[in-house]
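In what follows, every heavy atom counts, from backbone to side chain, and hydrogens, waters and symmetry copies are set aside. We count ligands from 1, going down the list as the structure has it; atoms in each ligand are counted the same way. When a residue number appears, it is its place in the shown sequence, counting from 1.
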Amino acid sequence: MAFTSTSQTDWTRSDIYHNSFLIPPNNALTAALKLSEKHGLPPYAVSEAQGKFLNLLAQSIQARRMLEIGTLGGYSTIWLANALPEDGELLTCEISKDFAMIAQINIDNAGLTDKVKIIVGPAITTLSNIKSNASFDLAFIDADKQSNVEYFIQAKRLVRKGGVIIVDNVVRNGRVADPDQSDSNIDGVRKLLEYIGDDPTIEATTLGTVGEKGYDGFLYAINKPNIS
Ligand code: DHB
Ligand code: MG
């Protein structure tokens, strides 16, 4: 079979095509992206298909408590929190108070005010202050990549055995695996892979993704059950 190269245009068209069958339009999510753009937030939110994936994952494990590191404009926050039961909650960490203000508007507009709590400040500080009662079912790490290992260590401490930790942007257009490339983001991902590879209490895989947000990937990890 001949190799045909695909481009960003094809990937975006593919996402739009699939989403048209599987993901009904959602006003609050559309408004969240629009407001984020209007206020100049970087366009780093997960794609619609990835947001739906996070939502389905949370539903699959019946997540009642979730942790997010990196709120940005609250787009993935809304996808995740929409999977929560009535008494569920999501704690999300954001270093920028300007981003957090936009996210709060978006979260309120999505009717999730009572379920979502944004904590403004460096996530390491925020998370270090949470008592370790392993009460979170799921953590989503999508913040500065340099701190991936520190975030992962905190997420692991706070997520229950059998709980899930997802990390965004672990492929970066294949650059993470390219020995000729190096920057603080790429190195942050490499350090995380090394850390997880050496940790017998974590089981993980990388799921490469391609679509409107380019070629990247999620790291999908579970805090292994039956290990103390
Ligand atoms: C980029 C994308 C992300 O999802 C993110 O969290 C940070 C940066 C980017 O495209 O550069
Ligand atoms: Mg990301």
Side-chain angles (χ1 to χ4, degrees), residues 6-12 14-15 19 29 32-37 39-58 66-81 90-96 98-100 102-103 106-107 116 118-120 122-124 126-127 138-152 154-155 164-178 181-193 196 204-221:
T6 49
S7 67
Q8 185 57 58
T9 320
D10 301 313
W11 299 340
T12 300
S14 187
D15 259 5
N19 294 348
L29 285 164
L33 290 181
K34 214 167 144 192
L35 192 72
S36 301
E37 192 185 352
H39 287 270
L41 270 64
Y44 296 163
V46 296
S47 72
E48 201 178 6
Q50 290 168 336
K52 177 82 183 268
F53 169 78
L54 293 172
N55 175 285
L56 293 174
L57 169 62
M66 303 192 224
L67 183 65
E68 183 181 57
I69 302 172
T71 315
L72 195 62
Y75 184 77
S76 50
T77 319
I78 296 171
W79 271 113
L80 284 165
L90 186 154
L91 183 75
T92 182
C93 308
E94 176 51 54
I95 195 162
S96 156
D98 294 338
F99 292 179
I102 304 300
N106 291 332
I107 286 157
V116 175
I118 306 175
I119 302 188
V120 180
I124 297 296
T126 301
L127 299 175
L138 186 155
F140 179 52
I141 301 174
D142 190 14
D144 67 288
K145 315 308 172 196
Q146 298 93 308
S147 308
N148 265 340
V149 170
E150 283 90 342
Y151 295 150
F152 192 88
Q154 288 297 327
V164 176
I165 304 171
I166 304 284
V167 187
D168 193 23
N169 310 116
V170 298
V171 172
R172 309 304 285 147
N173 207 28
R175 290 202 302 280
V176 169
D178 181 346
Q181 302 235 20
S182 175
D183 65 31
S184 58
N185 294 326
I186 290 174
D187 291 346
V189 176
R190 288 177 179 154
K191 286 201 187 95
L192 178 67
L193 292 169
I196 293 175
T205 191
T206 292
L207 186 70
T209 56
V210 67
E212 60 182 286
K213 294 278 163 167
Y215 169 38
D216 213 322
F218 280 142
L219 185 116
Y220 187 133

Contact check, Lys145 vs ligand 1, heavy-atom distance below 4.0 Å
yes
Within a distance under 4.0 Å of any heavy atom of Asp168, pick out the atoms of ligand 1 and give their elements.
4 (O)
Could you identify the N, O or S atom of Asp168 positioned closest to the Mg ion (ligand 2)?
OD2
Please confirm if an N, O or S atom belonging to Tyr44, backbone or side chain, lies less than 2.8 Å from the Mg ion (ligand 2).
no
Can any side-chain N or O of Lys191 pair as donor or acceptor with the backbone N or O of Gln146 at less than 3.5 Å?
no
Does the plane of the ring in Phe218 sit parallel, tilted or perpendicular to the ring in Phe140? Use 30° and 60° as the thresholds.
perpendicular
Hey, does the side chain of Asn106 reach the backbone of Gly73 with a donor-acceptor pair shorter than 3.5 angstrom?
yes
Tell me the protein heavy atom at minimum distance from atom 1 (C) of ligand 1, and give that distance in Å.
Tyr44 CD2, 3.4 Å
Establish, from distance only, whether the side-chain atoms of Thr77 and Glu68 form a donor-acceptor pair under 3.5 Å.
yes
Structural part of Gln50 in contact with ligand 1, heavy atom criterion under 4.0 angstrom
neither
Which heavy atom of Ala143 sits nearest a heavy atom of Tyr151, and at what distance?
CB-CE1, 3.7 Å
Short version for Val46: what comes under 4.0 Å of ligand 1, heavy atoms counted, is neither
Report the nearest protein non-hydrogen atom to atom 11 (O) of ligand 1: residue, atom name, distance rounded to 0.1 Å.
Arg172 NH2, 3.0 Å
Of the protein's non-hydrogen atoms, which lies at the shortest distance from atom 5 (C) of ligand 1, and what is that distance?
Asn169 OD1, 3.1 Å
Is the shortest side-chain N to carboxylate O distance from Arg175 to Asp178 below 4.0 Å?
no
Could you check whether any side-chain N or O of Asn55 sits under 3.5 Å from a backbone N or O of Trp79, counting only pairs where one atom can act as donor and the other as acceptor?
yes
Angle at the Mg ion (ligand 2): provide the value between OD1 of Asn169 and OD1 of Asp142, rounding to 10 degrees.
90°
